[in-house]
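In what follows, a single structure is set out as structure tokens and then discussed.
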Protein chains: 2
Amino acid sequence: MELLINQEYFIKAIADVSRAVTSSKNGMSGIKVAACKDSITLTGSNSEMAIEKVIPQAMAESKLFEIYQSGSVILPTKYLYEIVKKMPGDLIMKVHEDFTVTITSGEIRSRLNGWDSGDYPNLPAIENARSFTVPSLELIKLIKHTVFAVSRNQFKPVLTGVYLSVKPNSLFFAATDSYRLAVSKLEIQCDEEGSFVVSSESMNEAARLMSQASGETAIYFTDQYIVFKKDSITLYSRLIEGVFPDINGILQIPSKTQIIIDKKKFLNGVERACLFAREGKNNNVNLFIRSDSSIRIYSDLTEIGGIEETLKTVSIEGETDFGISVDGIYIVEALKAIREETVSIKFGGVLRPVLIEPLHNDSHRHLVSPVRTR
Amino acid sequence: MELLINQEYFIKAIADVSRAVTSSKNGMSGIKVAACKDSITLTGSNSEMAIEKVIPQAMAESKLFEIYQSGSVILPTKYLYEIVKKMPGDLIMKVHEDFTVTITSGEIRSRLNGWDSGDYPNLPAIENARSFTVPSLELIKLIKHTVFAVSRNQFKPVLTGVYLSVKPNSLFFAATDSYRLAVSKLEIQCDEEGSFVVSSESMNEAARLMSQASGETAIYFTDQYIVFKKDSITLYSRLIEGVFPDINGILQIPSKTQIIIDKKKFLNGVERACLFAREGKNNNVNLFIRSDSSIRIYSDLTEIGGIEETLKTVSIEGETDFGISVDGIYIVEALKAIREETVSIKFGGVLRPVLIEPLHNDSHRHLVSPVRTR
């Protein structure tokens, strides 16, 4: 393999695929660089995820590379990144017979020891896989509405992932750690049907990689993999095995009280109360729904101090004059996932979960279980 | 104590003094807040350093506080900071008899448990201490030229500090970890004489606190303390005990070869060579001074790869055709401390330290010892 490549574009592509490379202490995990007649492909992978980036031959009418001889090689990620980052201008990269690679730029000449690319793990073929497409910006919203709610506990692996369910003309995302649940749905044009659990790392990576432009993201799926492909970048993620809990029943809770409230004011109040809510494992924040259409938010750490405030709501309908304790951080994260200015909060009773959703928009919803107070 | 205070200014003052508060796991280290007739003073301290901030009564003709009742209290730093940060507008702060403090803003009411300020450590009196003044921007330069070169090894405490020496009309800073030395000097108007060793943490803090405006910084000194005072902020630092090594002799090295070179190009070259220089404890970067007025920079990590480049110099005078190995990181840090575009590098022989200084400016200089090659 021998080629000339634009440094700026090369370092960007290395940075993109290196996100999938698990960093080992000696920095020896590799990126595969492959050049064929008219494209250069970079691949980074770990046991769960792979990212593939195809560098286009030209961009905005300026040529990005020239291939003198096709071929491929695996190079140590950290060193490849650092060298290319620190070398100016166009780079000439040449692979020698012993997989040593020289990278030169003017008077600067570096050498990196590489490996035979035949050793690189194969990626699943997606040409014949089932697929559908989603507007990239909508996909990112679905991810951001849900991914924060996954479980951090490896005890039940299926809860560490985001649940995706596709049905004709609809796409549904959910995540839960069994104390809270976030769901989001979208109407799409599609005939496929299937459901998958995808790691939060892959979902976050997909949101990051797909965010760079508008347009559509194609989603392919096989028995073991889900694949997100947008323009020149492809993310392969191994599915998490296991049965995701049935959440349909949970969402059908009777509402005894409904509050309409300004999201930002409520968020600020709960965030303040979180300051004195760090006793034990939970972040106990207390809410008291008053009959005068206001809500009292308070917390107390006996040894340190406490905080309380009374917040006017837009409206309160149904039962009032009751208190409920919730994990304040869960409420804060749910409210932060909502972009709308006004939210609806429904209470089914002091021992029932609280349902938070944007006003007049039930396409994404957040359920938070109460905590038992002392 | 009871007062009304502008939230924005209060949080800034808390942030400033909290830099001197060693964070304990439970966040219980305290800030002292004292209000007398026409000023509010905040103090944060640890065993080595204290920062005192006086909040002025007004700024740009708008009043910053009103004191209803004077007094003082100690409050837990982390909680005070977080509460004040999250409370909007003007705050009313009231200390009760049991040192409980209430902070209120409109409908928001918080309580913090405080302590008797009588327990707070006394700061040294500086009214009658000897002193001199330095333009703040020049003081910051002296610090930045030297502080990076202190020893990270606690084995010889005196080397973990910056050496300050004041003589009539001159101020001199030095720092060394015994493998490299950075010195910087400044002409000032002063009649004092003395020398001190000040911790790098205090020096960095002084540079940060004094950077907010131009003008002069007053430096006071006593047997145990050095004090930096600028406008409303005062930094007290306990001196490090011990005798700083005599460095005058070291700086008088014979120069066999002098190179004049573009700083940025040389810095970039050495930084690149550092990539392959991480064998063992040192960052071995090799320089070879060539008779054609160029310098070859190279490094090699057998298992990983290597890099080399040849850089044109502005001029080379004296002996050529010899090589020397240096710790690349030391060279990089010395070059980064120099603002000038062109540097002079003097070699006294392959076993002698390398002297780096800005061209035509010997007010700050850097000595770096060679490393023995394999």
Side-chain angles (χ1 to χ4, degrees), chain A residues 26-28 30 75-88 96 99-115 264-265 267-278 294-312 332, chain B residues 26-28 30 75-88 96 99-115 264-265 267-278 294-312 332:
Chain A
N26 57 8
M28 293 307 275
L75 287 169
T77 308
K78 197 185 85 185
Y79 285 98
L80 177 64
Y81 179 81
E82 293 291 339
I83 283 187
V84 172
K85 194 175 133 198
K86 289 196 160 71
M87 286 179 86
H96 303 271
F99 304 111
T100 305
V101 175
T102 48
I103 303 175
T104 50
S105 163
E107 286 294 304
I108 309 163
R109 182 183 164 87
S110 67
R111 170 181 61 79
L112 263 185
N113 298 343
W115 308 283
K264 190 135 189 253
K265 283 185 189 161
L267 173 59
N268 289 344
V270 178
E271 274 194 316
R272 276 189 286 268
C274 283
L275 289 178
F276 294 99
R278 288 178 198 136
S294 70
I295 181 169
R296 184 166 161 251
I297 308 167
Y298 60 106
S299 66
D300 198 73
L301 272 184
T302 322
E303 298 290 311
I304 312 282
I307 193 161
E308 62 161 282
E309 66 189 272
T310 304
L311 199 60
K312 275 273 157 206
V332 165
Chain B
N26 57 9
M28 295 307 276
L75 286 170
T77 307
K78 196 185 83 185
Y79 286 98
L80 178 64
Y81 179 81
E82 293 290 339
I83 283 187
V84 172
K85 192 174 136 200
K86 289 196 161 71
M87 285 179 85
H96 303 272
F99 305 112
T100 305
V101 175
T102 48
I103 303 174
T104 50
S105 163
E107 286 293 305
I108 310 163
R109 181 183 164 87
S110 68
R111 170 183 61 80
L112 263 185
N113 298 343
W115 308 284
K264 191 135 187 253
K265 283 185 189 162
L267 173 60
N268 289 344
V270 177
E271 273 194 314
R272 275 190 286 269
C274 281
L275 289 180
F276 295 99
R278 290 179 195 133
S294 70
I295 180 168
R296 184 166 162 250
I297 308 167
Y298 60 105
S299 65
D300 198 74
L301 273 184
T302 322
E303 298 289 311
I304 312 282
I307 193 162
E308 63 162 284
E309 66 191 272
T310 304
L311 200 60
K312 274 273 157 208
V332 164

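Throughout, protein chains are lettered first and strands after them, A, B, ... in sequence-line order, and every chain is numbered starting at 1.
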Other residues, nucleotides, ligands: >12 heavy atoms within 6.0 Å of Lys265(B) NZ: no
Residue part contacting chain B, namely of Ile103(A), when any heavy atom lies under 4.5 Å: neither
Working for side chain to side chain contact (heavy atoms under 4.5 Å, CB included), residues Leu75(A) and Trp115(A): CA-CA 7 Å; Leu75(A) 287 169; Trp115(A) 308 283; 5.9 Å; no
Main-chain N/O of Pro88(A) paired to Ser105(A) side chain as donor or acceptor, under 3.5 Å: yes
Interface residue of largest heavy-atom contact number with chain B, from Thr102(A), Leu311(A), Thr100(A), Thr310(A), under 4.5 Å: Thr310(A)
Over 12 non-hydrogen atoms of neighbours within 6.0 angstrom of NZ in Lys312(B): yes
Heavy-atom proximity to chain A below 4.5 Å, by part of Ile83(B): both
Lys85(B) NZ to Glu271(A) CD distance, which is reported to the nearest 0.5 Å: 9.0 Å
Choice from Gly114(A), Ser299(A), Ser110(A), Gly306(A) maximising heavy atom contacts with chain B below 4.5 Å: Gly306(A)
Ring center gap for Phe276(B) and Tyr298(B) short of 6.0 angstrom: no
Closest-packed option against chain B by number of heavy-atom pairs under 4.5 Å, given Thr104(A), Leu112(A), Asn268(A): Leu112(A)
Choice from Ile108(A), Val101(A), Ile297(A) maximising heavy atom contacts with chain B below 4.5 Å: Ile108(A)
Contact winner vs chain B - Arg111(A), Glu309(A), Lys86(A), heavy-atom pairs under 4.5 Å: Arg111(A)
